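On a predicted model such as this, the values are computed, not experimentally measured, just so you know. Proteins get letters first, then strands, A, B, ... in listed order; numbering begins at 1 in each.
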Protein chains: 2
Amino acid sequence: MRKTKRERKKEIRRELIIDSAVEVIRRNGFEQATMNEIAREADLGKGTLYLYFRNKADIYLAINERGSGLLNQQLREIILQNKSGIEILDELGNAYLRFIKKNPVFFMAASYYENLLKNNILTESSLTKECEKHAKEAMTYIVRSLQIGIQDGSIRNSHDPYKLGLIIWSASRGVVHAAHQSEILKSAEHSGSEEMDYASLLGIFIDVLRSGIKNDQ
Amino acid sequence: MRKTKRERKKEIRRELIIDSAVEVIRRNGFEQATMNEIAREADLGKGTLYLYFRNKADIYLAINERGSGLLNQQLREIILQNKSGIEILDELGNAYLRFIKKNPVFFMAASYYENLLKNNILTESSLTKECEKHAKEAMTYIVRSLQIGIQDGSIRNSHDPYKLGLIIWSASRGVVHAAHQSEILKSAEHSGSEEMDYASLLGIFIDVLRSGIKNDQ
DNA sequence: CCTCATAAGTGACCGGGAGTCATTTTTCAA
DNA sequence: TTGAAAAATGACTCCCGGTCACTTATGAGG
């Protein structure tokens, strides 16, 4: 009994640190966040952070883990709806977009994770495994929607759903990145000349994708 | 006369520093590169680097500028060929892929630049302007190929070419990112079960894109 | 209610990297 | 040849991530 109480307290402290890190990043930006300030925000000594996380990277990974968990929750609901494959795919895309827009810090943490992955500088741990699991889960939902679409005839059966899923996932990420950027640029120079917002851009992309994979006869 | 000589020497030194930085990154990885080691590689004192660049970020930006310049050179040649719009688009994609594969350091520097852009932490300078110019130039080639395609009837005229260009550009980047990653993972665990290489993935993407935008009647 | 072993917490300290600047070395026009 | 300006330098500062010897809190057993 005592033991579980201890562990619950530990878990709460851990979450507190993650909360504080998110807050500091939100306030100062991702690159400007320091361990000292995260500790101060959490009302803890710097050394204490290292009782809960191996290093700074692990805190960021933990943020990503939390974020991707929340995102997957959203996606999970969509996949259960009784709709055609292509409609589900559409909604998945929009849910992703909404999530990113609402949680920029999670977006940054995800980019950070992807970057570590790309540069192959991630020490295996339960955290990295969890992050990988979540990423794969998200992929699963896309692949599932494609399979449903092939089944119900709304998506043409000309490519391996797994590969196609990976492509759609990564391409969407690219577009959302760009949309995010151009959103920033636009707000910076407030040139209302051309509407180049998130929704517009991703909307066109989904449109192209639709005609690219839909079954038309 | 004297003056131009000085300036030429300066220009050569500058290029030397960029060369050295590329070499150090290639050897040690992007994150592990230090100003000290770049200086040593260039046979210069550390302080000297700061006569040619304001800071480390500017060196990375200069690498990106060089890289995007080289890439644009490739793209420029393609756009001049007398082919259908959709064929040109296809070749642009493949040229990009080849370039990335051949010049991973330029790819890293480009990612770095994009990241700074995304996080809005770039101090305006001639360098950032040059980077932006190059990025826009690449975009131009894609847009041009789309316009040619709409003209010659190989691409359907249902979207604004500029928006569509931005989407294709960013989506391609996303796919290449992912392909790059999965390439790394594959080589790490050499599981030859599924071919998930660059060419395969981007090939499917281009295929989907083709059917998504091609004019079929 | 005390005792003390162990867990939790801490911040001074360390190594190392980015960026600075007082000083030295090089260049070249007069 | 010379000396003023330009170029080069590396010891130094500052700051950050991470460590560790020490302090404080906890709670089971007497």
Side-chain angles (χ1 to χ4, degrees), chain A residues 1-21 24-25 27-63 109 112 115-116 119 121-123 125 127, chain B residues 1-21 24-25 27-63 109 112 115-116 119 121-123 125 127:
Chain A
M1 265 298 106
R2 299 291 79 183
K3 210 170 184 181
T4 37
K5 196 172 196 172
R6 274 245 169 102
E7 273 166 14
R8 201 163 319 145
K9 197 172 170 187
K10 262 205 137 184
E11 189 51 37
I12 288 172
R13 270 263 194 280
R14 211 186 104 99
E15 295 301 315
L16 168 68
I17 293 172
I18 297 175
D19 291 342
S20 305
V24 169
I25 291 169
R27 205 191 308 133
N28 300 354
F30 200 80
E31 316 289 333
Q32 278 64 43
T34 71
M35 292 301 266
N36 256 314
E37 189 159 355
I38 293 170
R40 209 179 323 129
E41 176 74 26
D43 270 313
L44 292 171
K46 177 161 55 151
T48 309
L49 301 189
Y50 290 89
L51 295 177
Y52 294 87
F53 298 94
R54 287 180 308 178
N55 49 40
K56 199 184 180 187
D58 266 13
I59 293 183
Y60 290 163
L61 256 43
I63 293 174
Y112 179 81
N115 205 50
L116 289 195
N119 291 36
I121 40 183
L122 68 197
T123 334
S125 73
L127 246 180
Chain B
M1 264 297 104
R2 300 289 85 184
K3 212 170 185 182
T4 39
K5 196 173 197 172
R6 273 244 171 104
E7 274 168 15
R8 201 164 320 145
K9 198 175 171 186
K10 262 205 139 189
E11 189 51 38
I12 288 172
R13 270 264 194 278
R14 211 187 105 97
E15 294 302 314
L16 168 67
I17 292 172
I18 297 175
D19 291 343
S20 305
V24 169
I25 291 170
R27 205 190 310 131
N28 299 355
F30 199 81
E31 316 289 334
Q32 279 65 43
T34 70
M35 292 301 267
N36 255 315
E37 188 159 355
I38 293 171
R40 208 178 325 130
E41 176 75 27
D43 269 312
L44 292 170
K46 178 162 54 151
T48 310
L49 302 190
Y50 290 89
L51 296 177
Y52 293 88
F53 298 94
R54 286 179 308 176
N55 48 39
K56 200 182 179 188
D58 266 15
I59 293 183
Y60 290 163
L61 256 43
I63 292 174
Y112 178 81
N115 206 50
L116 290 195
N119 291 32
I121 40 182
L122 66 198
T123 334
S125 73
L127 245 181

Classify the nucleic acid contact of [X] as base, sugar-phosphate or nothing, counting any heavy atom under 4.0 Å across all strands shown.
{"X": "A:F53", "result": "nothing"}
{"X": "A:A33", "result": "sugar-phosphate"}
{"X": "A:T34", "result": "sugar-phosphate"}
{"X": "A:L44", "result": "sugar-phosphate"}

inquiry  = Please determine whether any donor N or O and acceptor N or O are separated by less than 3.5 Å between the side chain of B:K46 and the base of C:dA18.
reply    = yes
key: base_contact_polar (C:dG17 base, B:K56 side chain, donor-acceptor, <3.5 Å)   =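 Between C:dG17 and B:K56, which were checked side chain against base, a qualifying N/O pair under 3.5 Å is absent.
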query = What nucleotide among C:dA18, C:dG9, D:dT19 has an atom nearest to a side-chain atom of B:M35?
reply = C:dA18
Phosphate-side-chain proximity, B:Y52 and D:dA8, N/O vs OP1/OP2 below 4.0 Å = yes
message = Counting only side-chain nitrogens and oxygens, does B:R13 get under 4.0 Å of the OP1 or OP2 atom of D:dA7?
response = no
Starting at atom [atom1] of [X], determine the distance to atom [atom2] of [N], rounded to an integer number of angstrom.
{"X": "B:E7", "N": "C:dC28", "atom1": "CD", "atom2": "C1'", "value": "16 Å"}
{"X": "B:L51", "N": "C:dT20", "atom1": "CG", "atom2": "P", "value": "11 Å"}
{"X": "B:I38", "N": "C:dG19", "atom1": "CD1", "atom2": "C1'", "value": "13 Å"}
{"X": "B:K9", "N": "C:dC28", "atom1": "NZ", "atom2": "P", "value": "7 Å"}
{"X": "B:N36", "N": "C:dG19", "atom1": "CG", "atom2": "P", "value": "12 Å"}
{"X": "B:E31", "N": "C:dA18", "atom1": "CD", "atom2": "P", "value": "12 Å"}
{"X": "B:K10", "N": "C:dT26", "atom1": "NZ", "atom2": "P", "value": "18 Å"}
{"X": "A:L49", "N": "D:dG18", "atom1": "CG", "atom2": "P", "value": "10 Å"}

request  = Indicate the ring-plane relationship of A:Y60 and A:Y112, choosing parallel, tilted or perpendicular according to the 30° and 60° boundaries.
outcome  =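 Judged by the thresholds at 30° and 60°, the geometry between A:Y60 and A:Y112 is perpendicular.
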remark   = Residue pair A:G47/A:Q32 against DNA chain D: nearer the 5' end by closest nucleotide is A:Q32
Going by heavy atoms in the side chains, are [X] and [Y] under 4.5 Å from each other?
{"X": "B:L44", "Y": "B:R13", "result": "yes"}
{"X": "A:L61", "Y": "A:L122", "result": "no"}
{"X": "B:E7", "Y": "B:E11", "result": "no"}

ask   = Do side-chain atoms of A:N119 reach the backbone of A:I121 as a donor and acceptor pair under 3.5 angstrom?
value = no
